[in-house]
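Owing to the predicted nature of the structure, the values given are computational and were not obtained by experimental measurement.
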Amino acid sequence: MSNKAVVHLRVYRNNGRDNQISYNADGSVQNENILVKLTYNTLEWTNYLKHLLVNGFVKVKVEKVIGEADVKAIEKEVEKAMHPKVEVVLSPEQKKIADLEAKLDSLMGKSDKSEKKVTVFEVEENPIEDIEVDAEKVETIEEIRKQYKEKLGKRAFPGWSIEELKEKMNK
């Protein structure tokens, strides 16, 4: 018999709709759950914790520890496996960019906790009325494309604007 501690884990699977525990009206858990018994600090233990999220578990609870082991340390290890914090090593360029962005935010007085400022501009009532347009001078994109085809003998690219078409015809 082994001198290592045996840990009883209650693992809850996701219910297929979302990744959280569902309760019924009585307050009982509706998610499928099973009791898993693993020997602490073995290869099996390490691999099981490594693949908790891949197996679709929503919650893992340490129910019982048989043997000599620190229960709080085991619970922290399980919690860390369920909610991993990935530390990304930044390259020197990325560090420099992050520092510059932080300095820029501090200079502009931005912070995550501050409220966003809203700028209000006054707009004239009807600025369009002031513009005079001669109806005879207005050309549509279809007219310009037709002129392009007549002049160059090929169809114009559909993504070109009026200005681009006129520029290409004048070359």
Would you check if the side chain of Lys4 reaches a backbone N or O of Asn41 as a donor-acceptor pair within less than 3.5 Å? yes
Do any side-chain atoms of residues 65-83 form donor-acceptor pairs under 3.5 angstrom with protein atoms, and if so which ones, sequence neighbours left out?
{"from": "Glu77", "atom 1": "OE1", "to": "Tyr40", "atom 2": "OH", "distance (Å)": "3.0"}
{"from": "Glu77", "atom 1": "OE2", "to": "Trp45", "atom 2": "NE1", "distance (Å)": "3.0"}
{"from": "Glu79", "atom 1": "OE2", "to": "His83", "atom 2": "NE2", "distance (Å)": "3.2"}

Indicate, with yes or no, if Leu107 and Ile97 share a hydrophobic cluster defined by side-chain heavy-atom contacts under 4.5 Å among Ile, Leu, Val, Met, Phe, Trp and Tyr. no
Applying side chain to side chain donor-acceptor pair (under 3.5 Å), name anything that partners Lys96, two or more places apart in sequence or on another chain. none
Say whether Leu38 and Ile34 are linked into one hydrophobic cluster, either directly or through other cluster members, by side-chain heavy-atom distances under 4.5 angstrom. yes
Contacts under 3.5 angstrom, residues 7-14 side chains, donor-acceptor by atom type, not counting sequence neighbours:
{"from": "Arg10", "atom 1": "NE", "to": "Glu63", "atom 2": "OE2", "distance (Å)": "2.9"}
{"from": "Arg10", "atom 1": "NH1", "to": "Asn33", "atom 2": "OD1", "distance (Å)": "3.1"}
{"from": "Arg13", "atom 1": "NH1", "to": "Asn55", "atom 2": "O", "distance (Å)": "3.0"}
{"from": "Asn14", "atom 1": "ND2", "to": "Asn19", "atom 2": "OD1", "distance (Å)": "3.2"}

Apart from Ile162 itself, members of its ILVMFWY cluster (side-chain separation under 4.5 Å) are Ile141, Ile144, Tyr148, Leu152, Phe157, Trp160, Leu165, Met169
Determine whether Tyr48 and Leu35 fall in the same hydrophobic cluster, where Ile, Leu, Val, Met, Phe, Trp and Tyr are linked whenever their side-chain heavy atoms lie under 4.5 Å apart. no
Tell me which pairs pass salt bridge (Lys or Arg N to Asp or Glu O under 4.0 Å) where either residue lies in residues 144-156, with sequence neighbours left out. none
Tracing side-chain links under 4.5 Å among I, L, V, M, F, W and Y, which residues wind up in one group with Leu104? Met108
Are Phe57 and Leu49 connected in a single hydrophobic cluster, I mean Ile/Leu/Val/Met/Phe/Trp/Tyr linked by side-chain heavy atoms less than 4.5 Å apart? yes
Please assess Leu43 against Asn47 for the test side chain to side chain contact (heavy atoms under 4.5 Å, CB included), listing each intermediate value before the final yes or no. CA-CA 6 Å; Leu43 182 61; Asn47 286 336; 3.7 Å; yes
